[in-house]
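Atom set for the values below is all heavy atoms of this structure, side chains included, hydrogens, waters and symmetry mates excluded.
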Amino acid sequence: MAGTQEATSRPNASAITEHITEEGYEAPHLATSAQVQHNLEHQHLWTSIIGYTIPGQAGDSNTLNKDPSQPPKEPIPLLSGYPPHRVYTHPDEQLYMLENGIREDDLEPERMFVVPTTQGQPWSLRHMATVFDRLSEFKQKAEEHDRSVDPTSMQPEAEGLDSEKAEKLARYYDKKEEARLTKEWGSQRVLLAMVDKGMGGDGTIAYYVVHEGEVKPRQN
C-alpha cells in the first residue's frame, strides 16, 4: 500500500510580517516604513511614533533623473518619535551643558525623525535634500500632534526642580532656540534607517545620523 505523506504545515508568520499584513502596507516603501517603526517601538522603545510620506514626482523619469533640482520620482517614507535617550548632541551644545551643570536627564525628550531605507536601495543626495527641504513642515505637524495629545507637552518641565536648576534650564532652552536660528549647534539632522533585505539578509536594521551640511568634528 502506497504510503501517504503528511502535508507540511507552513511556519507561523513573524510579528513584523503580521504587522505589515494587518496594516495593509502593500507598497514597498510603506512595508519598509512599517518594519522600521516596529523595530523602533519594540526593540528601541520609542514612543509617539508618527508616519509620513513625501510624495514622488510624477512624469518622465528620464527627464527627472537628468535634472538634480527635481524631487525624486519615488515616494519617500518618514517617521518621527521620541527615543528613550538622546540620539545625538552637538559638541558645542554638549560643552554648554557641561559648563552649566545640565545633565541629559534634566532635559525634555526630543522628537527625532527617521528615514526608512533598504540596503542596496538607489539613494542620492537629491533624496536626502528633499527630506531636509520638507523637514520643517513635518516638525510643525508633529508639534501640532503633540499639543493635541497634551497641551503642555511642548513646555519645558520645571516642576520639582530647585530655582537654580530651573533658571539654568530656562537659559538653556533660550540658548537652544537661538542656536536653532543661527545653526550654532548644527543644522537639521535625521536618522537613516537601513534594513538588510538583500540576498540572505536577516532584516537587521542599522541606524546612521545624517546631518544637513557640514558637521563640526568632536574633540576627544
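Linking Ile, Leu, Val, Met, Phe, Trp and Tyr whenever their side-chain heavy atoms come within less than 4.5 Å leaves V210 and Y88 in two separate clusters. Under a hydrophobic clustering in which Ile, Leu, Val, Met, Phe, Trp and Tyr are joined whenever their side-chain heavy atoms come within less than 4.5 Å, directly or via other members, M128 and V195 fall into different clusters. Residues V190 and I54 share a hydrophobic cluster, clusters being chains of Ile/Leu/Val/Met/Phe/Trp/Tyr side chains in contact below 4.5 Å. Following chains of ILVMFWY side-chain contacts shorter than 4.5 Å, one can reach V87 starting from L40, so the two form part of one hydrophobic cluster.
Classification of E137 and R134 as a salt-bridged pair holds, one side-chain N sitting under 4.0 Å from a carboxylate O. Note on D162 versus K165: no salt bridge recorded, every NZ/NE/NH1/NH2 to OD/OE distance being 4.0 Å or above. Salt bridge D106/K168: absent, no basic N to carboxylate O contact under 4.0 Å. Salt bridge status for E93 with K176: present, with a side-chain N to carboxylate O gap under 4.0 Å.
L45 and P84 make their closest contact through O-CD, 3.6 Å (heavy atoms, listed as atom of the first residue, atom of the second, distance). Between V36 and P116, the shortest heavy-atom distance links the atoms CG2-CB, 3.7 Å. Shown here for R103 and M97, the closest heavy-atom pair between the two residues is C-CE, 4.0 Å.
Taken to the nearest 0.5 Å, the CG atom of L191 stands 8.0 Å off from the OH atom of Y207. Distance check: E212 CD to F132 CZ gives 5.5 Å after rounding to the nearest 0.5 Å. Rounded to the nearest 0.5 Å, atoms CD (Q35) and OG1 (T118) are 9.5 Å apart. Rounded to the nearest 0.5 Å, atoms CD1 (I76) and OG1 (T117) are 10.5 Å apart. Rounded to the nearest 0.5 angstrom, L107 CG and H85 NE2 are separated by 13.0 Å. The structure places CZ of F113 at 6.0 Å from CG of L78, a figure rounded to the nearest 0.5 Å.
Under a 3.5 Å cut-off, the side chain of Q94 and the backbone N or O of P91 do not form any donor-acceptor pair. A donor-acceptor pair is defined here as one N or O able to donate and one able to accept, closer than 3.5 Å; no such pair exists between the side chain of Q37 and the backbone of I49. Side-chain N or O atoms of R111 include one that pairs as donor or acceptor with a backbone N or O of S48 at under 3.5 Å.
Taking a 6.0 Å sphere around NZ of K183, one finds it holds 12 or fewer heavy atoms contributed by other residues, nucleotides or ligands. Heavy-atom neighbours of L125 CG from other residues, nucleotides or ligands within 6.0 Å: at or below the threshold of 12. Few gaps surround CD on E177; more than 12 heavy atoms of other groups in view lie less than 6.0 Å from it.
Between Y52 and F138, the angle of the ring planes lies from 30° to 60°, which puts this pair in the tilted group.
Looking only at atom types and distance, the side chain of Y173 has no donor-acceptor partner in the side chain of E108 under 3.5 Å away. T130 and H127 are not linked by any side-chain donor-acceptor pair at a separation below 3.5 angstrom, with hydrogens and angles left out of the test.
Looking at Q43, H42, H44 one by one, the single match for side-chain contact (heavy atoms from CB on, under 4.5 Å) with W46 turns out to be H44.
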Before you tell me yes or no, could you show the steps for Y208 and M194 under side-chain contact (heavy atoms from CB on, under 4.5 Å), namely the whole-Å CA-CA distance, both residues' side-chain angles and the distance that decides it to 0.1 Å? CA-CA 8 Å; Y208 304 89; M194 186 174 295; 4.3 Å; yes
